[in-house]
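What follows is a short report on a single structure.
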Amino acid sequence: MTSLPPPTVSLSADEARRIALRAQGFLGAPDRRGGVRGVLRHLGAVQLDTISVLARSHELIPYARLGAVGRDAVEKAYWTDRHAFEYWSHAACILPIEEWPHFAFRRRANRARGHRWHILEDKQHSTRAVLDRLRADGPLTSTELGGAKNGGEWFEWSETKIAVEWLLDTGEVVCSERRGWKRVYDLPERAVPDALLHDDLDDRECLRRLVALAGRSLGVGTRADIADYHRLKGEQFDAVVADSGLVPVEVEGWGKPAWADPSALATAPRGRHRTTLLSPFDSLVWDRPRTERIFGFTHRLEAYVPKPKRIHGYFAMPLLAGGRLQGRVDPAREGRTLVARQLSLTSPAAAAPMARALREAAEWVGCDAVRVERAQNTAEAASVTAELAALGT
């Protein structure tokens, strides 16, 4: 790391927490005029994942901030009018189309590497065949291009699938939408507006912009926090942070250098806190060390943990209430009943917000009843059940 300028601003741990909540859209009145597209622009990246419990994670992200947005409206907001594209950011993410130029550095790096982990048997022939099909027939899924599997093991991709994913990595095709959870591939000249369809930003400018955007989306963060937002390396962050516009700050209890977006420091965060359940892939909590530092709350996605070793459940969703993480619940649906398969609270006072969050989530996904199946202890189960009854659920 290069030498750092001394911080000019000191923040308490509570101030940093509130700044982070506001930056992520959980403090103050939600921007309903901007809607789902406003949330995407504000966050800069919405992570995709195959798991669907209440809904898929990219649907849960705007729901957590805006409330009961229609699920069809969410998909339409992401995937129409050339508003967004899918690419590799924090993981596979939906990104605002304005960020297309910023990932030129990653597309160039992929081209320089020459291949992905799947190797093409005949790169020139296979990629040309994909491009010719897209040019002639318009946007297509891998199935429509000729099939995603090669006929062997379920995880073995066909030559066509490897080719189109390689072209996606290098920017010669764009994922313009998801249809039935399948990527829809298109040519950049059709999917990206002309004003943005260029790769003329050098690597340093791409990184500078992404660091600035990540700092804005987080409000305040350490080197690791900000670099991880778009999966940059620490040295890439170091190379551009001085020119990013972010301000060095000192945060009580963090014990690490930190930076803040100047606009986040301009006014004190005020307003109503959201009470909601969070996807484990929500950018407020996707970074475990940051979540522990800001909220004093340890959370781990256990979907890939063997069932006997799970502590909180398959898709435990943290409860955000009063600006703090106050519990978690592993939800499931049985017909028109939302089932809290397992829940835990940080204090007895969290029973009421847990009940409100469960009821709101149930209504959003078309359930008209909520049942607590198991809790950390019988008292918690009884208190949440009583609060649900008081709400008429």
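Here, residue 1 is the first one in the sequence, and each next residue gets the next number.
A donor and an acceptor atom, one from each side chain of Tyr185 and Glu172, are nowhere located under 3.5 Å apart. Under the 3.5 Å distance criterion, with hydrogens and angles disregarded, no donor-acceptor pair is assigned to the side chains of Asp225 and Trp259. The closest side-chain donor-acceptor pair between Thr267 and Arg22 falls under 3.5 angstrom.
At least one donor-acceptor pair closer than 3.5 Å links the side chain of Arg204 to the backbone N or O of Ala239. With hydrogens and angles disregarded, a donor-acceptor distance shorter than 3.5 Å links the side chain of Thr346 to the backbone of Gln326. Between the Arg82 side chain and the Ile97 main chain, no donor and acceptor come within less than 3.5 Å of each other. With hydrogens and angles ignored, the 3.5 Å screen pairs a side-chain donor or acceptor of Arg333 with a backbone N or O of Val365. In this structure, Glu302 contributes its side chain and Gly313 its backbone to a donor-acceptor pair below 3.5 Å. In terms of modelled atom types and a separation under 3.5 Å, the side chain of His42 and the main chain of Gln24 share no donor-acceptor contact.
Residue Thr80 is tested with Glu75, Arg37, Glu177 for a side-chain hydrogen bond (donor to acceptor under 3.5 Å, both in side chains); the sole match is Arg37. For the pairing with Leu232, the side chain to side chain contact (heavy atoms under 4.5 Å, CB included) check across Ile226, Leu207, Asp238, Val240 returns one residue only, Leu207.
Here the side chains of Val53 and Met317 are not in contact, with every heavy-atom distance at 4.5 Å or above. Within the 4.5 Å cutoff, the side chain of Arg310 has no heavy atoms near those of the Asp330 side chain. A 4.5 Å side-chain heavy-atom check between Glu99 and Tyr87 finds every atom pair outside the cut-off. You'll find the side chain of Phe281 stays beyond 4.5 Å of the side chain of Leu60, heavy atoms only. Under the 4.5 Å side-chain criterion, counting only non-hydrogen atoms from C-beta, Arg231 is in contact with Arg106. Between Phe103 and Leu210, some side-chain heavy-atom pair lies under the 4.5 Å cut-off. Residues Ser89 and Tyr229 are not in side-chain contact: their nearest non-hydrogen atoms beyond the backbone lie 4.5 Å or more apart. A 4.5 Å side-chain heavy-atom check between Arg178 and Arg56 finds every atom pair outside the cut-off.
One distance of note links CD1 of Ile311 with OG of Ser344; it measures 10.0 Å at 0.5 Å rounding. Going from atom CZ of Arg208 over to atom CG of Leu213 covers 9.0 Å, rounded to the nearest 0.5 Å. With rounding to the nearest 0.5 Å, the separation of CD in Glu250 from OG in Ser12 is 12.0 Å.
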Q. Could you go step by step and tell me if Ser57 and Gln47 meet the side chain to side chain donor-acceptor pair (under 3.5 Å) rule?
A. CA-CA 7 Å; Ser57 187; Gln47 186 172 341; over 6 Å; no
(Q) As a quick check of understanding, evaluate side chain to side chain contact (heavy atoms under 4.5 Å, CB included) for Arg324 and His273, giving each step before the final call. (A) CA-CA 9 Å; Arg324 300 183 184 278; His273 292 94; over 6 Å; no
Q: Could you please spell out the steps behind the side chain to side chain contact (heavy atoms under 4.5 Å, CB included) verdict for Leu145 and Leu134?
A: CA-CA 8 Å; Leu145 281 165; Leu134 293 176; 4.3 Å; yes
Q: For the pair Arg111 and Asp199, evaluate salt bridge (Lys or Arg N to Asp or Glu O under 4.0 Å) and give the outcome as yes or no after the intermediate values.
A: CA-CA 13 Å; Arg111 285 195 290 270; Asp199 275 2; 3.8 Å; yes
Q: Quick one: do Glu165 and Arg183 satisfy salt bridge (Lys or Arg N to Asp or Glu O under 4.0 Å)? Show the steps, please.
A: CA-CA 10 Å; Glu165 287 291 321; Arg183 284 178 175 150; 2.7 Å; yes
Q | Criterion salt bridge (Lys or Arg N to Asp or Glu O under 4.0 Å) on Arg371 and Glu334, from CA distance to verdict | A | CA-CA 10 Å; Arg371 185 179 80 247; Glu334 293 180 3; 3.2 Å; yes
**Q.** Full working for salt bridge (Lys or Arg N to Asp or Glu O under 4.0 Å) between Arg209 and Glu205
**A.** CA-CA 6 Å; Arg209 293 189 186 194; Glu205 180 60 14; 2.8 Å; yes
Q) Step by step, would you call Trp79 with Ile94 a side chain to side chain contact (heavy atoms under 4.5 Å, CB included)? A) CA-CA 9 Å; Trp79 300 125; Ile94 303 172; 3.8 Å; yes
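For Asp72, the CG atom sits in a loose shell: 12 or fewer heavy atoms of surrounding residues, nucleotides or ligands are nearer than 6.0 Å. A 6.0 Å sphere centred on CZ of Arg300 holds no more than 12 heavy atoms belonging to other residues, nucleotides or ligands. Residue Arg113 qualifies as enclosed at atom CZ: its count of foreign heavy atoms under 6.0 Å is above 12. In this structure, Gln124 places its CD atom where only 12 or fewer heavy-atom neighbours from other residues, nucleotides or ligands lie under 6.0 Å away.
Note on ring orientation: taking the six-membered ring where Trp is involved, the planes of Tyr78 and His58 are tilted (angle from 30° to 60°). Ring geometry for Trp364 versus Tyr63: interplanar angle under 30°, hence parallel rather than tilted (30 to 60°). Between Trp100 and Phe85, the ring-plane angle classifies as perpendicular under the 30° and 60° cut-offs.
Counting Ile, Leu, Val, Met, Phe, Trp and Tyr side chains that sit under 4.5 Å apart, directly or through other members, Leu278 shares a hydrophobic cluster with Val9, Leu11, Ile19, Leu21, Phe26, Leu27, Val220, Val247, Val249, Val251, Trp254, Leu265, Leu284, Val285, Ile294, Phe295, Phe297, Leu320, Leu325.
Salt bridge annotation for Arg65-Asp282: present, with a cationic side-chain nitrogen under 4.0 angstrom from a carboxylate oxygen.
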